[in-house]
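Worksheet: one structure, shown below.
Heads up: numbering here begins at 1 and tracks the sequence. All heavy atoms count here, side chains included; hydrogens, waters and symmetry mates do not.
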Amino acid sequence: DNAIIKELKAVESLGCVSVICSDKTGTLTQNKMTVQQIYIDGKCIIPEELDVNNQLHRYLLYDAILNNDSSIQGGNNIGDPTETCLLEMVKKTDLHKMGISDEDIRILMPRLEEIPFDSERKLMSSKYEIHKVPTILTKGAVDVLIDRIENISTSNGVRKITKEDKEKIIKQNQIFSENGLRVLAFVYKECEECHCLSTKSEHGYTFIGLVSMIDPPREESMEAVKKAKEAGIKPIMITGDHKVTATAIAKSIGIYKEGDVALTGKEVDEMTDDELENVLDKVSVYARVSPENKIRIVDAWQHKGNVVAMTGDGVNDAPALKNADIGIAMGKGGTDVAKNAADMILLDDNFVTIVEAVKQGRNIYDNIKKAIHFLISTNIGEIVTIFFGLVLGIKSPLLAIQLLWINLVTDSLPAIALGLEKEEENIMSRLPRNPKKNLFADGLSWKIIIEGAMLGIFTLLAFSIGNRLYSVEVGRTMAFLTLGILELVHSFNIKSEESIFKIGVLENKYLVGALVLGVILQVIVVVVSPLAQVFSLVPLTGMQWLYTILIAVAPIPIVEIQKAVNGYKFGRVVYAKNN
């Protein structure tokens, strides 16, 4: 219900998906960021302990409020969840208790210049006049900013940063990340009034502090990841977060397991295509990735013969979405460019929906296959009936008008009902379908031919009994009823590879309805005299009805025996593989 498929061919591809490359934020996690701890002045504090009278704390609050494009209006968070979470942090401080809102601060200190956040730079900078001094405020990834810091602000004032200071910052960032927290570094730089803000300005900073935030995994993500793995699908997390943070989250939801590998975008850039392909199967997490990295990951998996689904929301994600076999855009936070490039749009931005869409894709393909199986096998049955009737030198078992009726009623209704069949219980326990295999692979073509021949032989048997014991008219009437009911009954044989007594015959109400309606129409044509005359049919005696019914249901035990033999062989193969 929460997935929109833009192209019909994507439905078939969904059933073959063997790799899902998913963004972390919002898709695997709740996208509800909350500030946990703040590392400032060499120690960790909680948001409520920020003191507006402390200049060091005050600069952190300036950076969180001013260097921020989001807002909270009427209790609603508007903008990026990471930025709105910083504003929620501010609301917990004494600044908010004093009746000063973030909007008041923005009015007092209007933005002079800005460089928006960029996934390549992983920074956002803006320029203000703070206490009459032109100041650049920047927030961003710790590993990007650490080498651009020259000074550190402490309770004793600003001083040159030492190697030990940097080691403490890196260690604290590691501790936060290992606990699955996203970390932002906050820095500032005083500059000359005439100095224009540019990317070249983003150096020579004074360190203020680190803010750690948690974006809890969705409760349902763990089960969805488990289902994907059971279905032979490899789920991969792709994120802009720190590698340690991403790995911690991936472990908690089951994507990353012992022995797996996590790579950064930089490490991917340093690899050749062959080197990337060699480690591909072990990599479950990609962190700090660029849009170009996403394209390479998709290409590498496709080169190994896999069908790849890739999620994305930004303008820069469009090439990777286009390159993937199934491009999946976010419906809530995705850009129009991403949605236009995608094959599928998630209305709820949830990984669970992707797995559910794969299940539905498999079921749709299965149902198309069942409908084709049914239509071809029943038509072969009709061909065998007419062809061998002529070859054996007997009168035509069925007339043209009788065949037309059977095609319209007993062929079409069950075929439509099979297209509405619910997914089988084991649908997500199978390996993904090989896209190179055609519809009739794995012996289906022979199965269709054999089943069609069986339908034809039973119809000829009914005709022969009626023709020899009674008359050609009785023989045709028995053949007409037998073939019609045979086809209706055969639709239940096709609905599953498992025994119909095991899966139940009543679960598909459309198929049951097709059977009941089909049988009623077949009987009406025979017993209502004016209709019988139109179709050249005659009334049958009790014994003739008994012959007809026994022959019509005969395929059920035959197909059940065949299913039992196939199931036994499959069980032997599975046992051999597991032992």
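Listed for the Ser177 side chain is a donor-acceptor partner under 3.5 Å among the backbone atoms of Asn173. Lys166 places no side-chain N or O within 3.5 Å of a backbone atom of Asp147 that could act as its donor or acceptor partner. The main-chain N or O of Asp143 is never found under 3.5 Å from a side-chain atom of Lys122 such that the two would form a donor-acceptor pair. Panel note: side chain Asp23, backbone Thr25; no donor-acceptor pair is recorded below 3.5 Å. The main-chain N or O of Asn31 is found under 3.5 Å from a side-chain atom of Asp215 such that the two form a donor-acceptor pair. At distances below 3.5 Å, not a single donor-acceptor pair connects side-chain atoms of Arg182 with backbone N or O atoms of Thr245.
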Going through the distances and angles, do Asn293 and Ile238 end up as a side-chain contact (heavy atoms from CB on, under 4.5 Å)? CA-CA 10 Å; Asn293 294 147; Ile238 295 183; over 6 Å; no
Applying side-chain hydrogen bond (donor to acceptor under 3.5 Å, both in side chains), run through Glu220 and Asn350 and close with a yes or a no. CA-CA 9 Å; Glu220 64 272 28; Asn350 195 335; 2.8 Å; yes
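Arg111 has a carboxylate O that lies under 4.0 Å from a charged side-chain N of Asp69, or vice versa, which qualifies the two as a salt bridge. Using a 4.0 Å cut-off between a side-chain N of Lys or Arg and a carboxylate O of Asp or Glu, Arg218 and Asp348 do not qualify as a salt bridge. Using a 4.0 Å cut-off between charged side-chain N and carboxylate O, Lys257 and Asp260 make a salt bridge. Lys9 has no carboxylate O lying under 4.0 Å from a charged side-chain N of Glu12, or vice versa, which leaves the two without a salt bridge.
Here the rule is side-chain contact (heavy atoms from CB on, under 4.5 Å) with Asn2, and of Asp349, Thr353, Leu346, Ile354 only Thr353 fits it.
The minimum heavy-atom distance linking Ile427 with Arg362 is given by the pair O-NH1, 2.9 Å. Considering all non-hydrogen atoms of both residues, Ser252 and Ile249 come closest at OG-O, 2.6 Å. Of all heavy-atom pairs between Asn316 and Pro319, the closest is O-CD, 3.3 Å.
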